[in-house]
Amino acid sequence: MSLSNAWSLPLVPSDASWLPIALADIDAVMRDHLHCERKAATSALSLLRSYPERADVVEWTVRLAHEETRHVVQVAQLLNRRSQTPGHDHGDDYAAALQKHVRKTEPGRLLDRLLVFAIIEGRSAERLAMLAGALTEPRERLLYENLADAEFRHRDGFLQLAAATDELWKSRAVELCAHEAAILARLPVVARIH
Ligand SMILES: [Fe+2]
Ligand SMILES: [Fe+2]
């Protein structure tokens with residue numbers, strides 16, 4: 001699935017302090033990353049539960065869940081190679097704050113859920129690409145490059161579904177990106193993916 005036009009989410013760049021903070025505790029970032037991939041897989045399946053009548057959403061989300069589950073395996077293997085034990089999920093204040101902007105009733109609710117997924121994929125992709133650019137171990141670098149590419153594709157897949165859901169998708173995406181920028185500005189910068 002590819003976007004029919006070249007429109008992209010207007011996400012602000014991450015704060016310049018994020019990468020050095022992340023690199024200073026890269027073990028914590030990778031442990032958090034495992035849970036991010038797990039949550040991406042389960043969240044994708046939640047769309048299947050909510051919208052079984054939307055064949056395009058179902059086809060996309062089941063493939064996505066499969067791919068995110070593969071990412072869970074890849075990050076678990078990475079932790080294993082680094083002799084790291086996975087940690088507990090510390091929650092994700094960023095994603096929780098974004099979810100508060102999802103409307104409670106349809107038809108707006110589906111559009112907002114798709115756009116929030118697109119934003120989280122886009123933000124994750126940006127940060128995984130930053131990590132890829134900074135990691136020195138070749139296998140780790142390649143893994144993060146590939147995962148960043150995948151999350152950029154996922155962002156665009158969610159945007160494609162949003163475009164098929166509501167003709168006002170771009171203006172709502174701009175609104176939600178402004179909320180995301182405010183959330184990032186409010187939350188502390190920590191050694192996690194978000
Ligand atoms: Fe992923
Ligand atoms: Fe993803």
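We're numbering straight along the sequence, starting at 1. Start at 1 and go down the list; that is how both ligands and their atoms are numbered.
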Residues Y94 and Q99: side-chain donor-acceptor under 3.5 angstrom: no
Distance-only side-chain donor-acceptor flag, E68 / H154, under 3.5 Å: yes
Electrostatic pair R70:E37 at N-O distance under 4.0 angstrom: no
Cationic N near anionic O, under 4.0 Å, R123 to E151: no
Candidates L98, I119, D93 - the one meeting side chain to side chain contact (heavy atoms under 4.5 Å, CB included) with I183: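 One option only clears the test, and that one is L98.
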Pairs where residues 7-25 contributes a residue and the test salt bridge (charged side-chain N to carboxylate O under 4.0 Å, His left out) is met, not counting sequence neighbours: none
The Fe ion (ligand 2) - number of protein N/O/S atoms closer than 2.8 Å: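 Counting protein N, O and S atoms closer than 2.8 Å to the Fe ion (ligand 2) gives 5.
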